[in-house]
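Structure first, then comments.
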Amino acid sequence: MDLTQRPRRLRTDGIRPLVRETELAASDLIAPVFVDATTDSRQPIESMPGHERVPVSEAVARVEEIRETGVEAIILFGIPESKDERGSRAWADDGVVQEATRRITSETDAYVITDVCLCEYTDHGHCGVLEDGASEDPTVTVENDETLDLLERIAVSHAEAGADMVAPSGMIDGMVGAIRGALDTEGFEHVPIMSYAAKYESAFYGPFRDAADGAPEFGNRRHYQMDPANAREARTEVMLDVEQGADVLMIKPALPYLDVIADIRREFDHPVAAYNVSGEYAMLHAGAEKGWLDLEATAYESLLSIKRAGADLILTYFAEDIADHL
Ligand code: PBG
């Protein structure tokens, strides 16, 4: 054996911390919060243990709980009191996300990011305005350019309510440029956009769709979200968002797409975010419940790996639990 080649020399307890390449910090994490206009008390989300839908009246308290763990950034999702064909509660000045944002930003120092999408607000559950005949024909779905107008209104209404950053998640072509233009016109040049730039049509969103009540009533999201088989296409998606003025580039989901995160990290200099989605959270909980997995260890390893792959920011339902242990 060639004794000049012994990597194990660098694995003793004393030196391991000195040669660590990746460090996870609470400041890397963004915690999702669900605000629900249909309830006046906290409602547990069954498929996402430890998470709740909270009424607007509890939003500040919920955010303060998160901040106590050291996590300062949150992303808000809304469940409106009613849904309609165009998702009009999404841009209402007194909508659930707008109200919650107003309270959280005036009463706490949290950094508030808002999800900009229509699927929780439309009665059909798609992320935009439907094309004629969409319910009968699965090849017809969302009318791209009409949807852009609505996304602009949503983003501006969030900024008016005080959102620190907006995060369009609908995978509608041109959404970043449209939102950038609308924000700038309305005097919100300072509000950055975190684009869900490469969002895959993934089966790992299941628990979220229960939580936010945003599953499509018919068809699927294959015509606007990306094919899980494609990695190179993610570069095109990201490049288009960069050209349109995206400030932060998100890849979603995270664990099944570490190759994409690593590739986008290499190719672009913007901050890269990864969304460790509801299914990634639920599967570790299910495994732990059976006694087959150590929840804290697997959650930590997951987030560390997402960071190692190249993510600067991680949106995760584990934010509070892991931050508490860092
Ligand atoms: C809405 C949206 C979804 C998620 C975040 N924003 C659901 C979807 O696209 O169906 C999923 C998040 C998760 O699974 O944790 N467009």
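We count ligands from 1, going down the list as the structure has it; atoms in each ligand are counted the same way.
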Quick check on contacts: which atoms of ligand 1 are under 4.0 angstrom from a heavy atom of [X]?
X    : value
Y275 : 12 (C), 15 (O)
E120 : 1 (C)
C119 : 1 (C), 16 (N)
V277 : 13 (C), 14 (O), 15 (O)
D115 : 6 (N)

Practice prompt. Would you mind checking if R265 and D312 are paired as a salt bridge, meaning a charged N to carboxylate O distance below 4.0 Å?
Written response: yes
Worksheet item: Should the pair R102-D94 be classified as a salt bridge under the 4.0 Å nitrogen-to-oxygen rule?
Response: no
Discussion item. Which option wins on minimum heavy-atom distance to atom 15 (O) of ligand 1: Y317, Y200, Y205?
Written reply: Y317
Worksheet item: In terms of heavy-atom contacts, does CD of E81 have more than 12 from other residues, nucleotides or ligands at under 6.0 Å?
Response: yes
May I ask whether [X] places a heavy atom under 4.0 Å from ligand 1?
X    : result
G170 : no
F77  : yes
E280 : no

Practice prompt. Among all protein heavy atoms, pick the one closest to atom 14 (O) of ligand 1 and tell me residue, atom and distance.
Written response: S278 OG, 2.7 Å
Worksheet, complete the sentence: When distances are taken from atom 4 (C) of ligand 1, the protein heavy atom at minimum range is K252 NZ, 2.6 Å
Name the atoms and distances for all side-chain donor-acceptor pairs under 3.5 Å in residues 246-256, with sequence neighbours left out.
residue : atom : partner : partner atom : Å
D247    : OD2  : I193    : N            : 2.8

Worksheet entry | Q98-S157 side chain donor-acceptor pair, cut-off 3.5 Å | yes
Item to complete: Kindly write out the residues that satisfy side chain to side chain contact (heavy atoms under 4.5 Å, CB included) with L295, not counting sequence neighbours, or none if the list is empty.
Response: L284, H285, A288, F318
Worksheet item: Taking distance alone, with no angle check, do K199 and ligand 1 share an N/O pair under 3.5 Å?
Response: yes
Worksheet, complete the sentence: What one should report as the nearest heavy-atom pair of M171 and A197 is SD-O, 3.6 Å
Discussion item. Which label fits Y224 and H126: parallel for a plane angle under 30°, tilted from 30 to 60°, or perpendicular past 60°?
Written reply: perpendicular
